[in-house]
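Please read the structure below before turning to the comments.
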2 protein chains.
Amino acid sequence: MDRSQIPDIVIGRLPLYLRALRHLEQAGFQITSSQDLGERLGISPAQIRKDLSLFGEFGKQGTGYTVSNLITELKRILNVESDWPVALIGVGDLGRAIANYGGFTHRGFSIEYLFDNDPEKIGTEIKGVPIKAIEEITETIKEAKVKIAMIATPAEAAQAVADMLVEAGITAILNYAPISISVPSHVQVEYTDPIVHLQQMAYYLT
Amino acid sequence: MDRSQIPDIVIGRLPLYLRALRHLEQAGFQITSSQDLGERLGISPAQIRKDLSLFGEFGKQGTGYTVSNLITELKRILNVESDWPVALIGVGDLGRAIANYGGFTHRGFSIEYLFDNDPEKIGTEIKGVPIKAIEEITETIKEAKVKIAMIATPAEAAQAVADMLVEAGITAILNYAPISISVPSHVQVEYTDPIVHLQQMAYYLT
DNA sequence: TAGATTGTTAATCGATTAACAATC
DNA sequence: TAGATTGTTAATCGATTAACAATC
């Protein structure tokens with residue numbers, strides 16, 4: 001099916017399937033079923049089958065899905081067969097934790113560029129990646145043709161940084177700063193803000 | 001309207017409204033409109049009015065909404081008028097960043113309990129909060145009647161920690177570990193995993 | 001008054017689920 | 001063969017949007 005007519009909400013579930021499948025693989029399971037996956041993820045089996053069917057026929061009646069095969073297919077569909085280089089802007093406590101996190105590699109991403117505006121930090125490195133000055137964002141990213149960036153600056157700086165990133169050719173931004181940023185329509189933005197999740201749960205607390 | 005029949009998806013948007021309103025307040029705006037809020041958030045004005053109308057009439061025809069008033073109402077609705085005590089389990093790079101992050105207070109949460117299994121860390125403190133041993137989770141949380149916890153352990157430990165938390169009386173868990181955990185139905189779980197967001201965006205990259 | 005914006009209804013749109021033939 | 005599970009259709013369910021009377 002034409003990629004452009006797959007609902008966004010389906011794309012959002014594929015990484016969850018992939019994550020669950022990796023754990024199954026790690027645990028030694030070679031096959032699984034929509035039923036099994038659904039139970040693990042809290043998603044109905046029908047929905048999982050429907051989602052996957054938009055991209056092809058990956059299962060076998062009476063048997064289910066081969067874990068390794070479905071992983072390969074999902075990685076291909078999601079465009080994460082190899083790791084994309086990623087730029088991280090803001091190397092405070094959070095940025096440092098992100099840069100040190102080993103979980104990006106082999107899942108589609110590799111943090112290869114770090115930027116901060118603190119002269120004390122510029123020139124130092126994390127895991128072999130040097131921290132550069134904010135002023136170097138445009139040139140560095142343009143030259144390296146980086147497409148993905150993460151913003152881990154304070155809220156006040158996020159919009160200005162986003163503007164620089166867009167200017168430099170970034171087309172996907174994961175924003176850790178607790179503020180909505182505005183970008184041209186050809187640029188994707190995703191947000192990660194723990195407060196939003198916590199407040200959502202607080203609603204149901206007594 | 002009866003709290004229990006408000007759609008989940010609406011509750012999920014209220015924290016976004018609240019966050020945008022706080023920024024408006026900070027920037028000195030005293031009134032706003034569904035149009036204005038919608039533009040900032042990328043949500044239709046009709047949807048914002050519809051969402052709010054489920055809880056009452058907070059606006060004025062021809063004028064819009066008073067920022068401070070809507071903030072007050074949303075905080076009341078979301079149950080975050082004062083800060084809930086929160087326990088954080090796992091004080092590695094990420095846990096440390098979370099514990100040092102100042103953005104929880106006054107937004108409904110206050111990290112007051114830290115746990116880790118590293119003897120080197122146990123007994124030390126972050127921002128005045130002592131790091132306790134994992135073994136003390138049950139007693140500490142039970143005694144203090146803490147309801148909310150965040151898991152920032154490695155994936156392998158997450159399920160075991162979740163089990164202890166549930167046993168201790170926790171009813172809301174924010175899971176930073178990249179794995180689905182299973183808990184009884186009276187316990188809420190939210191996930192925050194940057195890989196999921198990044199993979200979702202990677203799909204659209206060329 | 002004129003203009004603006006709410007709150008709400010009804011229509012539309014889209015997502016989820018139930019069910020089952022196909023088939024391994 | 002009998003049992004299990006897929007892929008897919010049609011029905012259901014729920015969420016979003018358009019439109020407008022009410023009214024500030």
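Just so it is clear: chains get the letters A, B, ... in the order the sequence lines come, proteins before strands, and each one is counted from 1.
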Between B:Asp8 and A:Tyr204, is there a side-chain donor-acceptor contact under 3.5 Å, judged purely by atom types and distance?
yes

Rounding to a whole Å, what distance do you find between B:Ile31:CD1 and D:dC24:P?
16 Å

Looking at CG of B:Leu21 and CD1 of B:Ile71, how far apart are the two atoms once the value is rounded to the nearest 0.5 Å?
5.5 Å

Excluding sequence neighbours, so at least two apart, what forms side-chain hydrogen bond (donor to acceptor under 3.5 Å, both in side chains) with B:Asp36?
B:Thr32, B:Arg40

Whole-Å distance, A:Lys60 NZ to D:dA4 C1', equals 14 Å

Please name all residues satisfying side-chain hydrogen bond (donor to acceptor under 3.5 Å, both in side chains) with B:Thr192, sequence neighbours left out, ordered by chain then number.
A:Thr192

Looking at side-chain heavy atoms only, is the closest gap between A:Leu74 and A:Tyr17 below 4.5 Å?
yes

Length of the line joining A:Leu52:CG and D:dT5:P, which is rounded to integer Å:
16 Å

Expressed as a whole number of angstroms, how long is the span from A:Leu54:CG to D:dT8:P?
10 Å

Could you grab the distance from atom CG of A:Leu18 to atom CG of A:Leu78, nearest 0.5 Å is fine?
6.5 Å

I'd like to compare against my own output: the B/S/- annotation of nucleotides 14-23 of chain D with a strict under-4.0 Å heavy-atom distance to protein.
-SBBBB--BB

In numerical order, the residues of residues 63-71 of chain A whose heavy atoms come under 4.0 Å of DNA chain D are A:Thr63, A:Gly64, A:Tyr65

Output the rounded distance in Å from CD (A:Glu39) to P (D:dT5).
11 Å

Which donor-acceptor pairs under 3.5 Å do the side chains of residues 56-70 of chain A make with protein atoms, sequence neighbours left out?
none

Any chance the side chains of A:Asp163 and A:Gln159 put a donor and an acceptor closer than 3.5 Å?
yes

Is the charged tip of B:Arg19 near the ring of A:Tyr191: under 6.0 Å from the six-membered ring centre and within 45° of its axis?
yes

End axis versus end axis in the helix from C:dG3-D:dC24 to C:dC24-D:dG3, the angle rounded to 10°, five pairs used at each terminus:
20°

Going from CG on A:Asp93 to CD1 on B:Ile98, what distance comes out if it is rounded to the nearest 0.5 angstrom?
11.0 Å

For B:Val146, is there any backbone N or O sitting under 3.5 Å from a side-chain donor or acceptor partner on B:Glu112?
no

